[in-house]
Amino acid sequence: KVQLRTATYIRYKANSECQNNVSSPTLDKETEDAATDNDRSDSGEFVVTMLAKAKLEEQGIGVKGRSSPLLEVGTQETPAFISHRDEDVTAESWRQHRKHVFVLSEAGKPIYSRYGSEEALSSTMGVMMALVSFVQSGDNIIRSEHIVVFLQKGPLVLVCVSSSRQTEQQLRGELLYVYYQIISMLTQASISRIFEHKKNYDLRRLLAGSEKILDGLLNLLDSDPSFLLAAVHCLPLACSLRDSLSQILQKAITPNLVFSILIARNQLLTIVQEKTVIEDARLEPADVHLLLNLIGASSAFQAGEIWTPICLPLFNPDCYFYAYISYLDPPECTVCLLLLSTDKEAFYAVAECKRKIEEAMMAQNSLSLIAKVQSYSVSQVGVSDLRHFMYKPFDVPDNYRHEEEKMRLLDLYRYMHNRIHSTSRPLKLIYHVAERETLLAWVTSKFELYTCFSPLVTKACAITAITKLLRWIKKEEDRLFIRYPPKYSTTPNPSKSSRGGKSDQQDSTDNGFLSLL
Amino acid sequence: MLMISPRMASGMQEKQYTPSLLNFFVYNPTFGQKEGEEEKKILFYHPSDVEKNEKIRNVGLCEAIVQFTRTFCPTKPAKSLHTQKNRQFFFEPEDNFWIVMVVRNPMIEKPNKDGKPPTVEYQEEEIIDTVYGAVVKQCYSMYKLFNGTFGRQMEAGGVELLIQKLEKFFYRYLQTLHLQSCDLLDVFGGISFFPLDKMTYLKIQSFVNRVEESLSLIKYTAFLYNDQLIWSGLEQDDMRILYKYLTTSLFPRHSEPELAGRDSPLRPEVAGNLLHYGRFLTGPTNLKDPEAKFRFPKIFVSTEDGYEELHLIVYKAMSAAACFMISASVELTRDFCEQLDGLVGPQLTLLASDICEQFTVNRRISGPEKEPQFKFIYFNHMNLAEKSTIHMRKTASVCLTSVHPDLMKILGDINCDFARVDEDEEIIVKAMTDYWVVGKKSDQRELYVILNQKNANLIEVNEEVKRLCATQFNNIFFLD
């Protein structure tokens with residue numbers, strides 16, 4: 001009998017104000033406890049709550065409660081995401097959305113729609129399903145003023161209708177991300193099993209509350225170039241700071257802990273991984289993106305510590321890891337610690353690691369050092385004609401302020417990326433002189449570079465600028481990129497953390513940071 | 001079509017299949033809207049031996065797709081459907097009349113060991129939408145040239161007549177489609193102009209005027225030499241499709257016998273006229289025989305308020321061809337043909353040799369024509385002039401290009417990019433094989449240059465192209 005049981009704990013740290021009332025003698029026993037608790041390093045009142053316990057039965061009768069607290073927290077939402085759920089799907093404004101995304105099951109049951117509620121769109125979804133089954137299986141697209149891309153993964157069908165002028169490959173890649181995000185919440189194995197037993201199961205019952213996560217992902221896909229380049233944005237840090245943080249993480253380990261990740265302002269600070277079991281396998285950038293999205297999608301994480309099951313679809317789509325998520329600097333909540341373990345009972349052990357990490361960081365004053373780090377701007381590069389560039393290994397300084405301009409620039413980069421990586425006729429270099437800017441894209445075995453210049457730049461000037469830029473990047477390489485995640489070992493000798501560092505074998509994906517998809 | 005490329009040592013052969021036509025059909029969803037009458041929507045379907053229900057299903061699918069895309073953009077519905085194995089193109093030339101072409105994607109069949117069936121790899125990206133979309137439009141234009149619009153056919157004889165005409169035309173025309181050699185030039189649908197000096201051009205002009213005056217029935221004239229256009233009195237759109245018909249269908253049919261040796265049985269009967277080399281390509285093949293029947297093909301060209309039907313007379317002398325178009329309401333008699341023959345024959349023969357002489361003289365001056373240094377394609381949207389040093393021979397069945405097909409597809413991609421905006425642009429790319437491709441768009445003109453200079457850098461390539469522009473296009477401004 002198949003059972004999927006998950007448990008979640010959230011610890012809430014009481015507001016520091018509470019502690020001020022401790023001294024009053026009329027207080028009841030709880031606050032007295034709080035008073036004694038004050039002496040401990042983690043002060044405050046603790047509330048341990050079992051949020052969800054879900055059991056999935058083979059008959060697919062239904063789920064009591066919900067399957068993942070990640071979905072739960074989605075409901076305690078901030079106004080960060082404007083909900084499009086209630087939009088009128090017959091209105092002109094609905095049609096004019098730049099990109100629609102729909103997810104439905106093979107039986108035609110709606111699961112998700114980016115704009116408008118799935119109920120209202122059920123007939124459109126029915127048509128989509130008919131089209132999919134009518135036309136041969138595989139991935140199909142319809143091209144008109146919009147481009148319609150169909151993707152079928154297992155029992156799910158994903159459809160994207162876009163007027164964004166992206167190519168089918170790029171849109172299919174985005175649909176794949178949506179699919180993986182769903183997997184990250186449910187695992188591929190359980191989705192297959194559910195639909196095998198009940199073809200017209202309504203998956204929304206398991207995904208209730210997750211719309212915001214998918215909405216957030218789609219917004220990121222539109223605006224963040226790291227998805228396009230299949231790379232993760234790292235916060236540029238002085239080597240010494242990054243090394244010291246890595247060492248802190250390497251020392252705070254426990255059996256079954258496999259990944260320790262430190263994030264600041266949605267960019268990677270450092271990542272260390274377990275050596276023996278994981279060996280040289282790496283977290284794919286896509287998995288990191290999905291993690292970052294999950295964390296960013298809900299502000300409820302900011303409240304305390306979360307322990308939740310999560311699936312890393314590219315690493316292993318069929319099983320759960322258990323993630324400990326905690327912000328280290330409330331209430332600003334810019335620095336987040338993420339510890340992944342394979343043992344679901346290990347909450348307390350992992351929380352202990354966090355405590356050690358926090359301690360060490362406090363000793364080294366890491367948080368304030370991190371807060372001081374600045375993101376890049378083109379002016380730092382010192383190349384005058386350059387307006388914007390993206391380099392993978394990766395850096396995106398920001399010169400295009402206005403939202404629309406950013407989007408337009410990203411669209412241009414996407415178009416160049418598509419031409420360069422065309423499966424049948426790839427290119428090495430593109431130089432495109434257009435009305436508003438001149439673009440240059442260059443790919444070699446060591447890197448990919450996308451740059452943007454003023455439209456009047458001469459070719460000689462552009463080449464000089466690029467040469468200067470590449471030299472600068474080479475110089476700053478250690479600060480900008482994480483090439484080889486340090487490693488530790490949690491088996492036999494946990495105290496002996498072997499510093500993986502730069503491995504002896506040359507990494508085959510020499511472009512550095514976290515392997516390409 | 002099948003091309004076999006031998007594989008190396010193993011002796012196993014990889015078969016490359018080029019794109020081919022799977023289906024072609026014409027339908028109107030407003031006919032037969034009642035249940036059970038769906039078949040009435042289908043006006044033409046190729047291949048015709050497909051089961052009726054399958055035809056109805058395919059047409060229904062197209063309708064559904066068009067409707068579905070209208071949900072998102074009511075004014076601009078679907079243009080194409082990409083699937084793994086094939087690609088469908090949708091075109092609505094007239095209200096509610098749809099033409100759909102289904103092309104099978106090129107594929108590679110790799111043999112498997114141990115008697116397993118060969119694995120097939122489909123190459124979807126090889127087909128560029130704009131190219132084949134243009135081919136569909138051309139199919140319609142060609143039909144319209146010889147039959148007028150669908151609407152007109154409906155007026156003249158209802159659905160039955162339309163079905164008949166579609167069957168008659170497309171049955172033959174589809175056999176002439178060679179999808180494996182479609183490329184950028186199909187997108188342009190341009191006309192190759194013959195370069196002439198002023199004197200000779202004036203001679204031709206005055207010839208045309210003289211003939212038109214003597215034979216007042218003639219409404220329009222077109223003059224070609226060597227498959228290239230010199231003068232046309234027709235509207236641009238009509239001339240472009242007529243040009244395609246002449247150069248890919250009519251001329252090749254008649255040129256092969258001409259090229260045969262003097263004693264060859266293929267050589268056409270010289271109609272016993274020793275005064276000139278002129279003869280009719282359409283109409284009477286032998287004027288001497290009073291019993292022989294003849295007819296001229298009829299074409300439809302557009303006018304301000306609709307269209308008009310014309311007889312198409314094509315008369316050739318050596319390498320010069322003159323087309324005369326006369327209103328179809330006039331009956332053309334043998335007498336008239338003899339009159340035309342007598343008038344035009346000698347003059348055209350003279351002109352043809354004049355032009356030939358001029359041409360040879362010019363070539364002597366400009367130097368022997370070695371392999372053209374630059375491989376380029378040029379097209380001017382305003383006058384439809386096209387010039388290509390890449391295409392060596394273009395007939396109905398073969399189109400030889402001197403560059404790798406992948407490079408032609410890159411040109412297609414660049415053309416797509418240019419089409420997105422109205423402004424002038426320039427795109428330079430370096431392909432994986434280290435070939436450089438430069439595309440320039442300026443003021444309705446497009447120029448594509450392919451350079452085989454592996455070690456050149458961007459600046460050097462730029463200089464080379466500037467040099468080309470200076471020699472061949474020195475009075476046209478291209479972005480630097």
Side-chain angles (χ1 to χ4, degrees), chain A residues 89-90 92 94-97 100 121 124 127-128 130-131 134-150 161-163 165 168-169 415-416 418-420 422-436 438-443 455 458-460 462-463 466, chain B residues 57-58 60-61 64-86 88-90 122-126 129 406-407 409-410 413-414 417 420-434 436-440 457-459 461-462 479-480:
Chain A
V89 302
T90 55
E92 185 59 33
W94 181 81
R95 272 199 283 273
Q96 285 183 353
H97 282 296
H100 290 265
L121 290 165
T124 313
V127 174
M128 285 190 256
L131 288 177
F134 221 144
V135 183
Q136 56 201 214
S137 64
D139 305 327
N140 309 312
I141 80 156
I142 299 176
R143 189 169 248 128
S144 61
E145 189 59 22
H146 291 74
I147 162 171
V148 185
V149 181
F150 294 89
V161 182
S162 166
S163 62
R165 281 181 172 173
E168 53 190 277
Q169 291 86 352
Y415 132 79
M416 290 206 289
N418 178 61
R419 287 267 183 256
I420 284 214
S422 155
T423 47
S424 77
R425 36 194 187 274
L427 302 170
K428 284 186 184 175
L429 182 138
I430 302 181
Y431 185 86
H432 186 150
V433 180
E435 199 205 3
R436 287 196 266 182
T438 291
L439 303 162
L440 191 151
W442 189 14
V443 77
T458 64
K459 293 183 179 64
I463 302 266
I466 299 266
Chain B
R57 213 182 55 213
N58 286 341
L61 175 64
I65 289 173
V66 168
Q67 270 310 107
F68 175 66
T69 51
R70 275 206 227 265
T71 331
F72 299 98
C73 185
T75 50
K76 294 188 191 159
K79 285 196 269 203
S80 66
L81 168 72
H82 298 214
T83 66
Q84 188 199 32
K85 296 185 184 152
N86 56 41
Q88 294 197 6
F89 297 93
F90 307 96
Y122 291 95
Q123 302 172 302
E124 283 181 68
E125 278 206 20
E126 300 288 314
D129 270 3
D406 275 351
L407 286 171
K409 300 201 176 89
I410 293 179
D413 288 338
I414 296 180
D417 294 339
R420 286 187 184 177
V421 289
D422 288 330
E423 293 86 27
D424 296 346
E425 292 197 341
E426 179 191 29
I427 299 183
I428 304 180
V429 303
K430 184 174 186 191
M432 274 302 175
T433 46
D434 287 334
W436 287 87
V437 180
V438 179
K440 282 178 186 282
N457 63 27
L458 190 63
I459 316 281
V461 166
N462 196 39
L479 286 176
D480 178 9

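Below, read A as the first sequence line, B as the second, and so on, with proteins coming before strands; counting in each chain starts at 1. Because only heavy atoms are used, hydrogens play no part in the values below, and waters and symmetry mates are left out as well, while side chains stay in. On a predicted model such as this, the values are computed, not experimentally measured, just so you know.
For chain B, no part of A/Thr438 is nearby; none of its heavy atoms comes within less than 4.5 Å. For B/Glu125, the parts lying under 4.5 angstrom from a heavy atom of chain A are both the backbone and the side chain. For chain A, the nearby parts of B/Ser80 are the backbone and the side chain; heavy atoms of each come within less than 4.5 Å. In this structure, no portion of B/Asn457 lies under 4.5 Å from any heavy atom of chain A.
Side-chain contact between A/Lys459 and B/Ile428: present, with at least one pair of heavy atoms (C-beta onward) separated by less than 4.5 Å.
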Walk me through it: do B/Asn462 and A/Tyr431 pass the test side-chain hydrogen bond (donor to acceptor under 3.5 Å, both in side chains)? CA-CA 11 Å; B/Asn462 196 39; A/Tyr431 185 86; over 6 Å; no

Criterion side-chain contact (heavy atoms from CB on, under 4.5 Å) on A/Glu435 and B/Val421, from CA distance to verdict: CA-CA 9 Å; A/Glu435 199 205 3; B/Val421 289; over 6 Å; no

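For the set A/Leu429, A/Leu439, A/Ile463, the entry with the most heavy-atom pairs within less than 4.5 Å of chain B is A/Leu429. By number of non-hydrogen pairs under 4.5 angstrom with chain A, the leading residue of B/Val66, B/Val438, B/Ile459 is B/Ile459. Of all the listed residues (A/Glu168, A/His100, A/Arg419, A/Gln169), the one sharing the greatest number of non-hydrogen pairs under 4.5 Å with chain B is A/Arg419. Ranked by heavy-atom pairs under 4.5 Å with chain A, the list B/Lys79, B/Gln67, B/Lys430 is led by B/Lys430.
The shortest heavy-atom contact between A/Arg425 and B/Glu126 is NH1-CA, 4.0 Å. Contact detail for A/Leu427 and B/Met432: the closest heavy-atom pair is O-CE, 3.9 Å.
One finds the NZ atom of A/Lys428 at 9.5 Å from the CH2 atom of B/Trp436 (value rounded to the nearest 0.5 Å). In this structure, the separation between OG1 on B/Thr83 and CZ on A/Phe150 is 12.0 Å, given to the nearest 0.5 Å. Of the inter-residue distances, the one linking A/Ile430 atom CD1 with B/Asp417 atom CG reads 8.0 Å to the nearest 0.5 angstrom.
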